[in-house]
There are 2 protein chains.
Amino acid sequence: MIVRQAANVLEIMEFFAQVKKPATLAEIADHFGWPRSSTFNLLATLSEKGYLYEPRPRAGFYPTPRWLAMARMISEVEPLPPWTHQLISDLSAETGETASIVAPAGVMAVFIDVVESKAAIRYFATIGHRVPIHATASGRALLLQYSQEERDSVYRKIEFKQYGPSTPISIEAVETELRNSISRGYCQSFADYSRDLAGAAIPLPIGDRRLSVVVAGPEFRIGPKVPEVAALIARTVDRLRPKTSAA
Amino acid sequence: MIVRQAANVLEIMEFFAQVKKPATLAEIADHFGWPRSSTFNLLATLSEKGYLYEPRPRAGFYPTPRWLAMARMISEVEPLPPWTHQLISDLSAETGETASIVAPAGVMAVFIDVVESKAAIRYFATIGHRVPIHATASGRALLLQYSQEERDSVYRKIEFKQYGPSTPISIEAVETELRNSISRGYCQSFADYSRDLAGAAIPLPIGDRRLSVVVAGPEFRIGPKVPEVAALIARTVDRLRPKTSAA
DNA sequence: GGAAAATGTACATATATGTGAATTTATATG
DNA sequence: CATATAAATTCACATATATGTACATTTTCC
């Protein structure tokens, strides 16, 4: 069950992140199609908690720097080592496609760092974006790091859906693809989940964290180059990952 | 009316900002005394929206960097000019007390930047902290920047409460104190709102934004020095505020 | 290795909550 | 300056939602 008002808080914040200027109650209510009275309650709650204020008279609400302060406190814990951002930055520059660091979240994989392609036609992904763990290159690069029991436990929760023609729709199909990935040396996906999207990924364990790197883009552009992109990823990881000790 | 689940989202985030490590459903539920099922729904919602993930197997949830990305986008708009942080940083260093930049939010004043005193006994304030606009030095330094009509409109919404012995409990009392502040050259408060707390504040208009600076600390320590602290604030603003154009 | 304890998940139901309509307050217009 | 129009609040009630209970899964401990 989705908690509506919890989701609404996130929507409001995303709204402000997008418009980047103060907004009045009426504007917010209209934007979302929410009743004024409900919007009033929500804004009052956020204000009362110190997360919204009124920067200038009659110009409406805007988030306080408290969001930033809180986000910083949260993120200063075990941040990704700097070389991982360098990694996807280099990969994106060299391939011209979108490169990301991905982490597990139950049956999903979450993008925790992203450098977007600059091409007009590109894979549009943002930090926080989620994809099914079994139906994507990045996700399978995570699954490769699980034990058989852990994988089984994940499989039990997956609802297998036919997202595209090549989506694996059974545990066996996923396991087969994982075995193929191992012998191939990298994970790949050709529109397994998103239409027209292809990508190459490899596991990226850091300490006891299970992450993966993925480069993805439109099938017509990246498709034929998937093997060489995968090789590039491996080389770049080799180059950037600190050799001394387990990073 | 307070929107409970909206407030809960904030509480969860504050919880993570405090403990700085992943937490399981059970831990979170126990911490807040929430039912498991409700906690489950909330965590599922935040996860689904890409704001929580599971950094390592069976270690529970933690916020994704999406919070940080969003907070950055929001805060890169009209950030406070760097000299204001320098200002409170210097003031805190020189006085040994807590110094803050404050902005209006209806009948309240919000702390939008804070440098805390390092003393063991100190005014503990964080970004986002809110105080009544009429019953604090910092708040009155904001009110001084309002027109009479704007002030009247604020007064109508204030619930006058006797927070302490010297709290102004009527419109007239507030207006009198404002007039005194003008002739005095700064705003002050001696436990008008918080017990044992005294402070000095002056208005700090920046562009069309109405802000104020305040230095506050325990009454016994800062009380006798309020006039000189106020003078110091004024001198420091003079020193740091860019002279060219309206900053 | 097996039983017990703890944790995570699903669902129906009573109730806390969102909202439409009414009221008050602020702003624009003639 | 008075009136019209728009925005912000308040409030009572119907309904969407939080939760108690039951079940499943995982982990711990002996």
Side-chain angles (χ1 to χ4, degrees), chain A residues 1-12 22-49 52-54 56-62 104-108 146-159 171, chain B residues 1-12 22-49 52-54 56-62 104-108 146-159 171:
Chain A
M1 176 194 284
I2 203 162
V3 181
R4 187 126 66 101
Q5 293 293 30
N8 287 350
V9 170
L10 305 175
E11 303 247 305
I12 285 205
T24 62
L25 188 154
E27 284 166 355
I28 296 171
D30 293 351
H31 175 87
F32 291 106
W34 295 340
R36 295 253 163 118
S37 49
S38 314
T39 308
F40 174 78
N41 291 336
L42 235 194
L43 293 179
T45 302
L46 293 177
S47 301
E48 198 149 314
K49 283 253 161 194
L52 289 179
Y53 75 125
E54 289 143 69
R56 56 204 82 203
R58 260 170 272 110
F61 298 86
Y62 199 72
V107 300
M108 306 296 274
Y146 285 38
S147 70
Q148 187 64 54
E149 293 76 41
E150 289 173 319
R151 274 211 298 280
D152 287 341
S153 139
V154 169
Y155 291 151
R156 252 172 268 131
K157 295 181 193 151
I158 292 179
E159 254 196 297
I171 295 177
Chain B
M1 175 193 285
I2 203 163
V3 182
R4 186 125 64 100
Q5 293 292 30
N8 287 350
V9 170
L10 305 174
E11 303 248 307
I12 285 206
T24 63
L25 189 154
E27 283 167 354
I28 296 171
D30 292 351
H31 175 86
F32 291 106
W34 295 341
R36 293 264 162 101
S37 47
S38 313
T39 308
F40 174 76
N41 290 336
L42 236 194
L43 293 180
T45 302
L46 293 177
S47 301
E48 198 150 313
K49 283 254 163 192
L52 289 180
Y53 75 125
E54 289 144 70
R56 57 204 79 203
R58 260 170 273 111
F61 296 88
Y62 200 73
V107 299
M108 306 296 275
Y146 285 39
S147 70
Q148 187 63 55
E149 294 75 41
E150 290 173 318
R151 275 210 297 279
D152 287 341
S153 139
V154 170
Y155 292 151
R156 253 173 268 131
K157 295 181 193 151
I158 293 179
E159 253 196 298
I171 295 177

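The sequence lines fix the lettering, A, B, ..., with proteins before strands; numbering per chain opens at 1. This one's a predicted model, so the numbers in the text were calculated from it and none came from an experiment. What's counted below: heavy atoms across the whole structure, side chains too, no hydrogens, waters or symmetry copies.
One interatomic measurement links the two molecules: CD of B:Glu149 to P of C:dT25, which rounds to 17 Å at whole-angstrom precision. Across the protein-nucleic acid pair, B:Leu42 atom CG and C:dG8 atom P stand 15 Å apart, rounded to whole Å. Atom CZ of B:Arg156 and atom P of D:dA7 are 19 Å apart (whole Å). Atom CG of B:Leu25 and atom P of D:dT26 are 15 Å apart (whole Å). Between B:Phe40 atom CZ and D:dA18 atom C1' there is a gap of 14 Å when expressed in whole angstrom units. Taking atom CZ of residue A:Arg36 and atom P of nucleotide C:dT24, one finds them 19 Å apart after rounding to whole Å. Per the geometry, CD1 belonging to B:Ile2 stands 11 Å off P belonging to C:dG18, to the nearest Å. In this structure, the CG atom of A:Leu43 is 14 Å from the P atom of D:dT10, given to the nearest Å.
Contact of the A:Trp34 side chain with the A:Ile12 side chain is registered, since non-hydrogen atoms from C-beta on lie closer than 4.5 Å. Annotation: side chain of A:Thr39 is not in contact with side chain of A:Phe32 (no heavy-atom distance under 4.5 Å).
Side-chain contact, B:Glu11 with B:Asn8: no donor N or O sits under 3.5 Å from an acceptor N or O. Judged purely by distance below 3.5 Å, without hydrogens or angles, the side chains of B:Ser147 and B:Glu150 pair a donor atom with an acceptor atom.
The nucleotide whose nearest atom lies closest to any side-chain atom of B:Val3 is, among C:dG8, D:dT9, C:dG18, C:dG18.
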Tabulate protein N/O versus nucleotide N/O from nucleotides 19-21 of chain D, keeping only pairs under 3.5 Å, one per line.
unit_1: D:dT19; atom_1: OP2; unit_2: B:Ser38; atom_2: OG; d: 2.2
unit_1: D:dT19; atom_1: O5'; unit_2: B:Ser38; atom_2: OG; d: 3.1
unit_1: D:dG20; atom_1: N7; unit_2: B:Ser37; atom_2: OG; d: 3.4
unit_1: D:dG20; atom_1: O6; unit_2: B:Ser37; atom_2: OG; d: 3.2

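Between A:Ala23 and A:Ile28, the closest heavy-atom pair is CB-CG1, 3.8 Å.
Rounding to the nearest 0.5 Å gives a distance of 14.5 Å between CG of B:Leu46 and OH of B:Tyr53.
Between A:Val154 and B:Lys157, the residue whose closest nucleotide on DNA chain D is further toward the 5' end is B:Lys157.
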